[in-house]
Protein chains: 2
Amino acid sequence: MTAAPLPKARLRGLAQEAADLVREAIFAGHFPPGSPLREVELAAALGVSRGSVREGLALLEREGLVRSVWHRGTTVVDITAQDVEEVYAVRAALDRLAATSARRTASEGQLAELDDLVGAMSAEIAGEASGPRLLALDIAFHDRIYDAAGNRRLSDAWQAVRSQVHLFQLRRVALGYQHYRARVVDEHRELAALLRSGDPATLARRAEEHVHSACRSLLAGLGG
Amino acid sequence: MTAAPLPKARLRGLAQEAADLVREAIFAGHFPPGSPLREVELAAALGVSRGSVREGLALLEREGLVRSVWHRGTTVVDITAQDVEEVYAVRAALDRLAATSARRTASEGQLAELDDLVGAMSAEIAGEASGPRLLALDIAFHDRIYDAAGNRRLSDAWQAVRSQVHLFQLRRVALGYQHYRARVVDEHRELAALLRSGDPATLARRAEEHVHSACRSLLAGLGG
DNA sequence: CGATGTCCGGATGTCAACATTCGGACATGA
DNA sequence: TCATGTCCGAATGTTGACATCCGGACATCG
């Protein structure tokens, strides 16, 4: 029998905790792109030691959210057009593999979860739509695909770009998300259908196109 | 003008240094798969503090060479068939993207470097062939393709599987590498040619097949 | 005899202080 | 005025010691 996960199993350590707090602060816009993340400041603010903050920042660097250089500290990544193109090129390659893998390995329960998420997106749009909430559902959808692929290395590679994707899209959504709102449900519903019973070749192509269209939309929103 | 890299720019810190030493020790077989890497031991052996060793082990974990769990230490990864399949599936996706990207962005000088590496492989085979040296040339070849692609996120993702690929192939080569030796030059020569002037679609296909054939060869060598 | 509780060695997680390095401000000289 | 050299503050890199946690061995009890 699966024991329900206890309230807050403190099995993560202060570094993970610190990383989570800083990441949320970055997503909330509290640390604009390019702003420095000083270890002593964060240590004092979070009430932990500098060592733990340092380790947490290393985790965030692994996610691509911050960048640190020798003896010059760590700063929040900035968002240039090249950054967006790089991240989305890698994501397209990973999503393609995840989709084709999940096509073979996904269980019925996992496919049902995808349908549930599409339903949640639809409900979110029907009501008082919240950009960040809709975005969270979008990313959760792709998280499940990676889970279903059952490839730990692939999931790790996704983790290395996931936060950057989240950050980019958050900035885009803050400027208006009518286009995003109009397309997100249909595109994900199609992906879910292709995962259930689609030609692997067209699934691979559509998975890549899904990312590329998001990339173009992002570049248009940031550049114009 | 580009200043020649000084003898040993100590711009890397003890953590990087410790990570390099431990990585080489793993490649040399000094730490068999599954063996624990105790921080105090390594700190004493390398003459640095435990903090630096800890940070270095975190770098190695980012490369996928070791795996650490909360309050239970870090151990060298073991090589199961599933691990090989996972790593090579991700590598195939990344190599495909790297090849198609480099097809557009590679400079003439970078293409010439690839030809030089193919020549070096050929020379290595003609003489007293060394498995590890041949393998180093193989990986260097792919490193250059990733460099030529000009996508930092893509190179980072490659770094996350590169060491595992190196480790797997080293173990394979130790058991005999006649098949590898017979094919490596021709396959890489074809890739270099396709990068110079090939149809993008066939380049993408051949890049994937190159990885898949290496994966099959590896599985056959480890399983049988 | 099997299950349970307790204890202990060893290893990791965390912390605060010391050493090193960087970038810029200021002063100096051609 | 521009270039160069020196100095200083601040932030990071590094260290050793303390606190916490895990796993197994032993003893105890039903």
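Chain A is the first sequence line, chain B the second, and so forth, proteins listed ahead of strands; every chain is numbered from 1.
Between the CZ atom of Arg67(B) and the P atom of dT12(C) there is a distance of 16 Å, given to the nearest Å. What separates NE2 of His71(B) from P of dC21(D) is a distance of 6 Å, to the nearest Å. The nearest whole Å value for the distance from the CZ atom in Arg12(B) to the C1' atom in dT21(C) is 17 Å. Regarding Leu14(B), its CG atom lies at a distance of 18 Å from the P atom of dT12(D), rounded to whole Å.
The residues Arg162(B) and Glu63(B) are annotated as not salt-bridged, no charged nitrogen and carboxylate oxygen being separated by less than 4.0 angstrom. Using a 4.0 Å cut-off between a side-chain N of Lys or Arg and a carboxylate O of Asp or Glu, Arg153(B) and Asp156(B) do not qualify as a salt bridge.
In this structure, His210(A) and His188(A) have perpendicular ring planes: the angle between them is above 60°, well past the 30° mark.
Residues from residues 38-58 of chain A lying near DNA chain D, meaning a heavy-atom separation below 4.0 Å, are Arg38(A), Glu39(A), Arg50(A), Arg54(A) in numerical order.
Not a single donor-acceptor pair under 3.5 Å links the side chain of Ser49(A) to the backbone N or O of Ser52(A). For Thr75(B) (side chain) and Gly34(B) (main-chain N/O), no donor-acceptor pair under 3.5 Å exists by modelled atom type.
Under 4.0 angstrom from either OP1 or OP2 of dG23(C) there lies at least one side-chain N or O belonging to Arg72(A).
A side-chain N or O of Asp95(A) and one of Tyr146(A) form a donor-acceptor pair less than 3.5 Å apart.
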